[in-house]
Colleague: 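One structure follows; several queries about it will come next.
Computed from a predicted structure; not experimentally measured. In what follows, chains are A, B, ... by sequence order, proteins preceding strands, each numbered from 1.
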Amino acid sequence: MPELPEVETIVRDLQEILPGATIKDLQVLRPNVIRGSKTIFKEQLIGKTFESISRRGKNIVANMGSRLILVVNLGMTGRLGLQQDDSLFTHPAIYFTLNIGPTLVYDDVRRFGKLNIYNEQEWLDRSAQLGPEPLSPDYKHTDLHEKLNSSLSPIRSWLLDQKNVVGVGNIYANESLHLSGIHPQRPANRITEKESQLLYKALRKILLSAIQNRGTTLRNYRDVSGKGGNNSTKLRIYGRHGENCLGCSEQVQRIVFSNRSAFFCPRCQR
DNA sequence: AGTGTATCCTGCAGGC
DNA sequence: TGCCTGCAGGATACAC
């Protein structure tokens, strides 16, 4: 469910709440959302204090002190929130009892999300396998162009692969490709330098404005306080098949490849 | 090596 | 109403 803008919104919310909070107790109701044994997971986390919260791609990264890192990937329907109103959590998977404030809840309808504990080195290694952050000032359009050159895969699939660039999921891949006028099935290595520059700009613009709108809520996504994001009405192409393209009024098409829907305008995107 | 597909789950919308 | 099918923001193990 959540892509970079949604995870960024949650991380900013958590930064206001968690640093300094100590985990007093922990209940794992759904063991399949954690890697490894529930007993070890509890042993490692109970008594630890949240030192800082950050984001790497679609991962929420919590520094727990003692060189221990808790990494939360929300999958499709994962969500972190505070238990101020029980009715908000339909599928609680983990309860974190803190020394201050309400209980922190990890809730996940489909349980595709995962919580992982790493030591510092393990996380560095894992993080090194991920691609660059698209919003980092170090990320240049030439980085994107060079990497595109070595791949035959359709550009929409390429954008979803976290080894190439992190944080982009199906919504923002489709949105960026529409804004830059590139067909989702175009082989990555057949994107011209000029087009890759357009894609680079589109990607950053789309992600930044979605962050400003606190993310896209189609169904399950909620911020930490339980509110949906405001970006869904701003979508230009995602989910709009059968409607008119905003640029040229041609009908928006939907096709499926790699088991995911792609939306595009046959006139604006070649 | 580098891609595409099936799979993990539950809920919901739409067709009959 | 109820049953069936398809589809949903992600990541990964596997087959080619």
Side-chain angles (χ1 to χ4, degrees), chain A residues 1-11 29-36 55-60 71-80 88-94 106-116 118 126-127 129-131 134 147-177 184-190 203 206-207 210-211 213-223 227-242 254-263:
Chain A
M1 131 214 209
E3 308 181 30
L4 187 153
E6 291 76 32
V7 177
E8 179 66 23
T9 301
I10 290 168
V11 163
L29 286 70
R30 293 293 197 165
N32 56 346
V33 302
I34 60 173
R35 186 186 58 171
R55 182 188 58 73
R56 176 80 174 101
K58 299 175 194 169
N59 300 292
I60 300 164
V71 178
V72 183
N73 186 297
L74 299 169
M76 293 282 232
T77 54
R79 154 159 142 62
L80 280 167
L88 292 173
F89 303 105
T90 55
H91 296 71
I94 301 185
Y106 178 72
D107 184 279
D108 195 342
V109 175
R110 294 172 74 182
R111 304 200 295 281
F112 289 175
K114 281 282 175 293
L115 284 80
N116 268 298
Y118 296 93
R126 173 82 185 108
S127 182
Q129 292 167 9
L130 297 172
K147 230 175 183 179
L148 285 172
N149 262 331
S150 60
S151 172
L152 298 158
S153 72
I155 183 62
R156 200 283 312 265
S157 306
W158 191 93
L159 287 169
L160 293 186
D161 188 338
Q162 303 295 297
K163 290 193 295 296
N164 297 322
V165 60
V166 293
V168 185
N170 206 26
I171 294 180
Y172 302 114
N174 278 286
E175 293 294 295
S176 309
L177 290 170
Q185 283 180 303
R186 181 103 67 89
N189 66 354
R190 293 201 8 235
L203 202 51
I206 292 281
L207 292 173
I211 291 172
N213 294 322
R214 298 186 60 80
T216 301
T217 296
L218 297 179
R219 178 169 281 177
N220 294 287
Y221 165 70
R222 295 283 119 108
D223 67 15
K227 292 197 292 290
N230 308 314
N231 200 60
S232 31
T233 56
K234 308 288 196 301
L235 298 179
R236 12 182 330 119
I237 195 88
Y238 186 90
R240 297 190 60 249
H241 53 300
R254 171 179 174 268
I255 52 173
V256 177
F257 59 96
S258 304
N259 274 345
R260 319 289 300 269
S261 292
F263 305 90

Colleague: What's the shortest heavy-atom distance between A/N220 and A/R79, and which atoms?
Modeller: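 In terms of heavy atoms, the two residues are closest at O-CD, 4.3 Å.
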Colleague: For atom P, what is the distance between B/dT7 and C/dT5, given to the nearest Å?
Modeller: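 That atom pair is separated by 16 Å.
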Colleague: Under 4.0 Å: is that the gap between some side-chain N or O of A/K58 and OP1 or OP2 of C/dA11?
Modeller: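 So the side-chain polar atoms of A/K58 do come within 4.0 Å of the phosphate oxygens OP1 or OP2 of C/dA11, strictly under.
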Colleague: To the nearest 0.5 angstrom, please state how far the CD1 atom of A/I34 sits from the CG atom of A/N116.
Modeller: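 If I round to the nearest 0.5 Å, the distance is 9.5 Å.
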Colleague: When the C1' atoms of C/dG9 and B/dT3 are considered, how many whole Å apart are they?
Modeller: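 22 Å, rounded to whole Å.
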Colleague: At their closest point, which heavy atom of A/G113 faces which heavy atom of A/D108, and how far apart are they?
Modeller: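 Minimum heavy-atom contact is N-OD2, 3.0 Å.
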Colleague: Over how many whole Å does the gap from A/K114 atom NZ to B/dT7 atom P extend?
Modeller: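 Those two atoms, NZ and P, are 17 Å apart.
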Colleague: Specify the separation, in whole Å, of atom CG of A/N32 and atom P of B/dT7.
Modeller: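 Interatomic distance, CG of A/N32 to P of B/dT7: 18 Å.
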Colleague: Report yes if some heavy atom in the side chain of A/K114 is under 4.5 Å from a heavy atom in the side chain of A/V33; otherwise report no.
Modeller: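 SC-SC contact between A/K114 and A/V33 ruled out.
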Colleague: Would you mind telling me which residue lines up with the more 5' stretch of DNA chain B, A/R111 or A/S157, judged by nearest nucleotide?
Modeller: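 First, find each residue's nearest nucleotide; the 5'-ward one identifies A/S157.
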Colleague: Could you write out DNA chain B as dot-bracket? Rules: Watson-Crick or G-U wobble, both distances under 3.5 Å, brackets [ ] for crossings, | for pairs with another strand, dot for unpaired.
Modeller: .|||||||.|||||||
Colleague: Roughly how many Å is it from OH in A/Y238 to C1' in C/dC7, rounded to a whole number?
Modeller: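 Rounding to the nearest Å, OH of A/Y238 and C1' of C/dC7 are 9 Å apart.
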Colleague: Between C/dA11 and B/dA1, how many Å separate the two P atoms, rounded to a whole number?
Modeller: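 Roughly 24 Å separates the two P atoms.
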Colleague: Using a heavy-atom cut-off of 4.0 Å across all strands, would you classify A/R35 as base, sugar-phosphate, or nothing?
Modeller: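 Nothing, no heavy atom under 4.0 Å.
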Colleague: Quick one: are A/L130 and A/K163 in side-chain contact, heavy atoms under 4.5 Å?
Modeller: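 Side-chain contact under 4.5 Å: no.
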Colleague: Please walk me through it: do A/S127 and A/R56 pass side chain to side chain donor-acceptor pair (under 3.5 Å)?
Modeller: CA-CA 8 Å; A/S127 182; A/R56 176 80 174 101; 2.8 Å; yes
Colleague: Out of curiosity, A/I211 CD1 to A/E6 CD, how far, rounded to the nearest 0.5 Å?
Modeller: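 A/I211 CD1 to A/E6 CD: 9.0 Å, rounded to 0.5 Å.
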Colleague: Would you mind reading off the distance between A/R110 atom CZ and C/dA11 atom P, rounded to a whole angstrom?
Modeller: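 About 13 Å, once rounded to whole Å.
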Colleague: When you measure from the side-chain N and O atoms of A/H91 to the phosphate of B/dG11, is any distance below 4.0 Å, counting only OP1 and OP2?
Modeller: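 For B/dG11, OP1 or OP2 has a side-chain N or O of A/H91 closer than 4.0 Å.
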Colleague: If you assign each of A/R219 and A/F112 to its closest nucleotide in DNA chain B, which residue comes earlier from the 5' end?
Modeller: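 The residue whose closest nucleotide sits nearer the 5' end is A/F112.
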Colleague: Reckon A/R254 has a side-chain N or O less than 4.0 Å from the OP1 or OP2 of C/dC7?
Modeller: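 For A/R254, the contact criterion (side-chain N or O under 4.0 Å from OP1 or OP2 of C/dC7) is met.
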Colleague: Under 4.0 Å between a side-chain N or O of A/N73 and OP1 or OP2 of C/dA11?
Modeller: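 Checking A/N73 against C/dA11: at least one side-chain N or O falls below 4.0 Å of OP1 or OP2.
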Colleague: Of the non-hydrogen atoms in A/S151 and A/W158, which two are nearest, and what is the gap between them?
Modeller: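 Scanning both residues completely, I find the closest heavy atoms to be OG-CD1, 3.3 Å.
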Colleague: In whole angstroms, how far is the C1' atom of B/dT3 from the CZ atom of A/R156?
Modeller: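 To the nearest whole Å, that distance equals 13 Å.
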Colleague: Once you round it to whole Å, what is the distance between P of C/dG10 and OH of A/Y221?
Modeller: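 Rounded to the whole Å, the gap is 14 Å.
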Colleague: Under 4.0 Å: is that the gap between some side-chain N or O of A/R260 and OP1 or OP2 of B/dG4?
Modeller: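 For B/dG4, neither OP1 nor OP2 has a side-chain N or O of A/R260 closer than 4.0 Å.
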Colleague: Could you state the atom-to-atom distance from CD1 of A/I211 to P of C/dG9 in whole Å?
Modeller: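 Distance, rounded to whole Å: 19 Å.
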Colleague: Is the distance from OP1 or OP2 of B/dT5 to the nearest side-chain N or O of A/N259 less than 4.0 Å?
Modeller: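 So the side-chain polar atoms of A/N259 never come under 4.0 Å of the phosphate oxygens OP1 or OP2 of B/dT5.
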Colleague: Could you tell me whether the phosphate oxygens of C/dA8, OP1 or OP2, come under 4.0 Å of any side-chain nitrogen or oxygen in A/S261?
Modeller: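 Indeed, a polar side-chain atom of A/S261 lies that close.
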Colleague: Using the C1' atom on both, measure B/dG11 against C/dT12 and round to a whole Å.
Modeller: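 After rounding to an integer number of Å, I get 23 Å for this pair.
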Colleague: Name the nucleic acid region contacted by A/L152, choosing base, sugar-phosphate or nothing; use a 4.0 angstrom heavy-atom cut-off, strictly under.
Modeller: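 Sugar-phosphate, backbone atoms only, no base.
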Colleague: Could you check whether A/S151 gets within reach of a base, just the sugar-phosphate, or nothing at all, counting any heavy atom under 4.0 Å?
Modeller: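 Sugar-phosphate, backbone atoms only, no base.
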